[in-house]
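Below: the structure, in structure tokens.
Sequence positions, counted from 1, serve as the residue numbers for this chain. Since the model is a prediction, treat every value here as computed from it, not as a measurement.
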Amino acid sequence: MLLLFPLFGGCTATILRGLPYPKILCPPEKEERKKENGDIPQDGQLSPSGLAGKGTSQQYRSIPSSSQPSGGPKHLSSNENISPVDASIHYEPQEYTETDFLLPSKLYGTSGVSGSRRAKHADGAGAPAETICSMVLQILVPFLLAGFGTVSAGMLLDVVQNWDVFQEVTELLILVPAVLGMKGNLEMTLASRLSTAVNAGKMEPASEKWMLIVGNLALKQLQATVLGLLASMMAALLGWMAEGQMPAHHVVLLCSASVSTAFMASLLQGIIMVGVIIGSHRLGINPDNVATPMAASFGDLITLALLACLSQWFFSFMELYSYVLYLVDLLFLCLIPLWVVIASKHPASNLLLRTGWEPIITAMVISSIGGLILDKTVSDPNLAGIIVYAPVINGIGGNLVSIQSSRISTNLHLYYPPGEVPEDRRSCFNPCRTFFGSGANHRSAQVLLLLVIPGQLVFLHAIHLIKGGHTLPSPLLTVSFLSASLIQVFSLLCIADCMVHALWRRSKDPDSYSIPYLTALGDLLGTALLSLAFLMLWCVGDSGSV
């Protein structure tokens with residue numbers, strides 16, 4: 001499968017290269033030419049002809065670029081304040097705060113677009129930002145790659161559960177969802193932040209781009225180290241609560257394996273993620289559609305392989321050279337000050353250094369509860385088969401809801417100032433508004449939900465083919481698995497729609513807050529629903545294959 005990845009990537013780039021994807025910012029000379037032609041009036045108001053000519057570029061185009069006052073162009077300074085050439089327009093400098101996000105807050109207020117017209121085009125009801133075909137093509141290939149990555153992770157987990165270290169240190173199964181969940185806490189959050197930065201034009205200057213990338217990567221390494229340590233302690237605590245005992249050497253092994261896995265997997269996947277986002281932008285592909293599923297494509301497989309191999313390696317000399325485990329923990333802890341210094345160099349990562357811990361730590365706790373459910377389910381011989389399917393249902397649900405969350409967040413960053421949401425999101429939440437409507441986010445929610453059934457059918461049969469191909473999944477197993485997956489994704493999409501708008505209304509950046517919560521809830525919902533489905537199969541005497 002890994003050998004086929006370059007082939008898929010090349011084919012994807014060739015297919016998607018011609019798909020329409022707008023430029024974020026127009027050069028000044030093009031803006032002046034549009035003004036001379038009458039497309040953009042000098043008073044900053046968008047004319048009907050100008051709106052009609054936007055076509056597919058409306059969704060991802062920055063509004064402020066077409067709403068500048070007649071006094072002259074504005075210049076964006078390094079501290080995200082706007083210095084207009086017209087001396088009559090004056091803005092007081094202000095510190096970088098959480099409400100600045102990736103677009104300067106002053107840009108929202110100076111837009112010449114009226115509230116009703118902005119709501120119309122922000123929702124995508126005026127002119128479609130992208131066709132259904134282009135959206136499906138951009139989502140489908142990364143979705144399939146991510147799905148086969150989770151299938152491979154499930155098959156690997158089925159093998160390594162019989163290793164000595166997993167048999168002796170059973171708390172490792174509690175640790176598995178939390179460590180795999182860091183993909184949502186860190187990689188997908190990084191992908192969403194950088195995708196929004198690309199769509200907002202914040203990565204156009206090379207110096208700003210690399211400062212933003214390096215700052216975010218350093219922040220992610222710091223978070224991976226801390227989360228790895230906390231996840232191991234949480235697994236030890238839950239294991240002690242369930243079993244009534246916890247040997248000290250088990251705790252040390254859990255800490256060493258978790259921190260080492262989180263650090264190495266985060267570094268490797270972070271570098272790959274940056275390459276994917278920059279490459280997709282250059283190829284004219286919307287990063288929101290491909291970045292988050294690509295972050296998960298082989299993330300589960302890489303992370304689980306590292307966790308299993310490192311755990312077995314530490315376990316092999318735990319009795320004779322136990323000091324090595326302490327040295328490993330000490331090494332990674334000593335690197336924390338370095339990551340703090342690097343992350344503090346960029347205002348965005350410096351802000352998250354102080355405020356970005358709540359969602360990822362809460363998400364880790366939620367994933368650990370899902371791990372406890374998995375550990376208890378696998379310990380029952382009648383339900384042991386669940387371990388193959390758990391990474392698949394959890395991974396697919398997290399991938400799909402991350403795409404939707406990233407798209408909604410980008411839409412809010414481009415069209416609404418912090419604290420302001422569309423009119424239809426100011427009243428009580430209605431799940432029907434998530435899927436029914438003509439906006440781009442409604443269409444993406446419909447597409448993502450419709451991908452669940454065919455995608456899971458493909459992955460379900462792939463599991464049985466990899467297991468030997470002599471049997472097919474039984475009809476009852478197929479119906480139960482698809483039902484659990486459909487309920488999970490439907491619930492997550494509704495929660496994402498409500499959560500992202502609620503965070504934005506409270507001036508919180510959804511790119512940093514929503515995805516950790518959503519992927520953790522996906523792990524918990526997926527594991528619980530799958531356990532219930534296998535329990536029902538066991539009650540009716542279905543073996544799961546025919």
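Using a distance-only test at 3.5 Å, with no hydrogens or angles considered, no donor-acceptor pair links the side chain of S311 to the main chain of A308. S379 contributes a side-chain N or O that, together with a main-chain N or O of K376, makes up a donor-acceptor pair within less than 3.5 Å. N399 places a side-chain N or O within 3.5 Å of a backbone atom of G395 that can act as its donor or acceptor partner. Checking side-chain atoms of Q221 against main-chain N and O of W339 turns up no donor-acceptor pair under 3.5 Å. At distances below 3.5 Å, not a single donor-acceptor pair connects side-chain atoms of Q404 with backbone N or O atoms of D497. Panel note: side chain S491, backbone I487; a donor-acceptor pair is recorded below 3.5 Å. For the pair S260 (side chain) and A257 (backbone), a donor-acceptor distance under 3.5 Å is absent.
The side-chain heavy atoms of L310 and M264, taken from C-beta on, include a pair separated by under 4.5 Å. The closest side-chain heavy-atom distance from F317 to L325 is below 4.5 Å. You'll find the side chain of F148 reaches within 4.5 Å of the side chain of V458, heavy atoms only.
A side-chain N or O of Y517 and one of E358 form a donor-acceptor pair less than 3.5 Å apart.
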**Asked** Would F459 and F143 satisfy ring pair (Phe, Tyr, Trp, His ring centres under 6.0 Å), going step by step from the backbone distance to the final call?
**Response** CA-CA 11 Å; F459 304 141; F143 169 72; 5.8 Å; yes
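In terms of heavy atoms, T434 sits closest to C494 at OG1-CA, 4.1 Å.
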